Amino acid sequence: GGDGTVNEIASALIHTNVTLGIVPFGSGNGFARHLQIPMNPFHALTKIKSGTKSKVDIIQINGKFSCNTSGLGFDGYVAKIFGKDGKRGFVNYLRLGLLGFSKYPAFTATINNIKYQNLLVCEVANSSQMGNNAYVSPHSSITDGVAEIVLFQKPSWGNVPFLLYSIFTKKLNRSKHCTILSLPNADISFDRPLEFHIDGEYISLENKIKYEIIPLSLHILT
């Protein structure tokens, strides 16, 4: 399956000796892509058969587990409405994003008593991408004991092409619209309740989150 299915299975395997193998079959497959697992299911099965077992970090966020990326704000809103019209896939996700971002009101996040304003997205990343090779945190590692907080300011329409280019070329960390903090744990509060997703699945409205890294807690075939 995709990131949501991986999350369901992985959440039951944390701190066990059972090893997870992934055959990507979702809309984005961000965690599988980060692990460089082939998108072709037959090739993925071959890699599972010959793969090596590794331990990876997991994020615990508001009491739930996250393998890949979780976030609040506009990406949470898109996760909430994605697929409601029966259409899935990357093109539909991009369409919803482009049509809706300008109307989505910006918000403020507070981390360690520092306020970050005019935000569109606050993402907590364990791996490097959200899916479909959209790199939200290009240098994230699933074995380094920290997560990246990606704070993404709301852009003007004129900046959208440059931002899309930076996301798909692993250069978002260089953008003036992006701030990335690497922390093993954090408490983050927001000035209003925001749509919250975990590994691409909409969860709820939240006005604060608390996360911590659970180091090397999941066995996985890579």
Side-chain angles (χ1 to χ4, degrees), residues 2-4 7 26-30 61-62 64 66 68-111 114-125 128-138 147-181 186-209 211:
D3 289 323
N7 178 288
S27 299
N29 304 304
I61 182 168
N62 280 17
K64 300 179 184 296
S66 172
N68 195 44
T69 71
S70 299
L72 299 100
F74 184 62
D75 61 333
Y77 168 74
V78 174
K80 183 178 181 180
I81 64 174
F82 181 60
K84 291 287 182 66
D85 57 0
K87 299 177 181 178
R88 296 184 66 84
F90 171 69
V91 173
N92 192 48
Y93 190 93
L94 185 62
R95 178 182 65 85
L96 292 172
L98 291 175
L99 289 177
F101 91 90
S102 62
K103 296 179 182 179
Y104 192 85
F107 61 89
T108 297
T110 303
I111 308 170
I114 300 175
K115 292 185 181 296
Y116 299 86
Q117 298 178 321
N118 193 37
L119 299 178
L120 185 68
V121 169
C122 173
E123 198 79 8
V124 180
S128 57
Q129 61 165 289
M130 297 177 67
N132 291 302
N133 295 318
Y135 290 88
V136 67
S137 183
E148 276 62 50
I149 304 171
V150 183
L151 302 168
F152 190 57
Q153 286 189 323
K154 187 172 182 178
S156 65
W157 264 109
N159 284 317
V160 168
F162 302 102
L163 288 170
L164 287 175
Y165 174 80
S166 67
I167 288 171
F168 288 100
T169 56
K170 303 183 183 182
K171 296 177 181 178
L172 184 61
N173 55 307
R174 303 181 190 178
S175 170
K176 65 179 181 180
H177 292 277
C178 184
T179 298
I180 299 180
L181 310 172
D187 294 291
I188 310 173
S189 60
F190 307 95
D191 60 350
R192 70 169 194 273
L194 299 171
E195 294 85 356
F196 173 42
H197 82 87
I198 292 180
D199 293 347
E201 301 293 328
Y202 175 72
I203 303 298
S204 59
L205 288 171
E206 300 288 346
N207 59 11
K208 61 182 178 180
I209 60 169
Y211 83 80

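Predicted model only: the values in this text are computed from it and were never measured.
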Rounded to the nearest 0.5 Å, what separation is found between the [atom1] atom of [X] and the [atom2] atom of [Y]?
| X | Y | atom1 | atom2 | value |
| --- | --- | --- | --- | --- |
| Leu151 | Leu120 | CG | CG | 11.5 Å |
| Glu206 | Leu72 | CD | CG | 7.5 Å |
| Met130 | Ser137 | CE | OG | 11.5 Å |
| Gln117 | Thr110 | CD | OG1 | 8.5 Å |
| Ile188 | Asn207 | CD1 | CG | 12.5 Å |
| Ile61 | Ser70 | CD1 | OG | 5.0 Å |

Grab the two heavy atoms, one from [X] and one from [Y], that are nearest each other, plus how far apart they are.
| X | Y | answer |
| --- | --- | --- |
| Lys176 | Gln153 | O-OE1, 4.0 Å |
| Asn133 | Phe168 | O-CD2, 3.3 Å |
| Asp3 | Gly30 | OD2-N, 2.9 Å |
| Val136 | Leu172 | O-CD2, 3.6 Å |
| Glu195 | Lys80 | CG-CD, 4.4 Å |
| Thr179 | Tyr116 | CG2-CE2, 4.2 Å |

Side-chain heavy-atom pair [X], [Y] within 4.5 angstrom cut-off:
| X | Y | answer |
| --- | --- | --- |
| Ile149 | Tyr211 | yes |
| Asn62 | Ile203 | no |
| Lys171 | Tyr165 | yes |
| His197 | Thr69 | yes |
| Ile209 | Phe190 | yes |
| Glu148 | Leu181 | no |
| Asn7 | Glu201 | no |
| Leu163 | Phe152 | yes |

Looking at [Y], is its backbone amide N or carbonyl O close enough to the side chain of [X] to form a donor-acceptor pair, meaning the two atoms are under 3.5 Å apart?
| X | Y | result |
| --- | --- | --- |
| Lys154 | Tyr104 | yes |
| Asp199 | Asn68 | yes |
| Asn118 | Ala106 | no |

(request) Would you sort out whether Cys122 and Phe107 count as a side chain to side chain contact (heavy atoms under 4.5 Å, CB included), showing the intermediate values? (result) CA-CA 10 Å; Cys122 173; Phe107 61 89; 4.2 Å; yes
(request) For Arg192, look at atom CZ and say whether over 12 heavy atoms of other residues, nucleotides or ligands are found less than 6.0 Å away. (result)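 Yes - once you tally the heavy atoms of other residues, nucleotides and ligands closer than 6.0 Å, there are more than 12.
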(request) Return the orientation label for the Phe74 and Phe101 ring planes: parallel under 30°, perpendicular over 60°, tilted otherwise. (result)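 Judged by the thresholds at 30° and 60°, the geometry between Phe74 and Phe101 is perpendicular.
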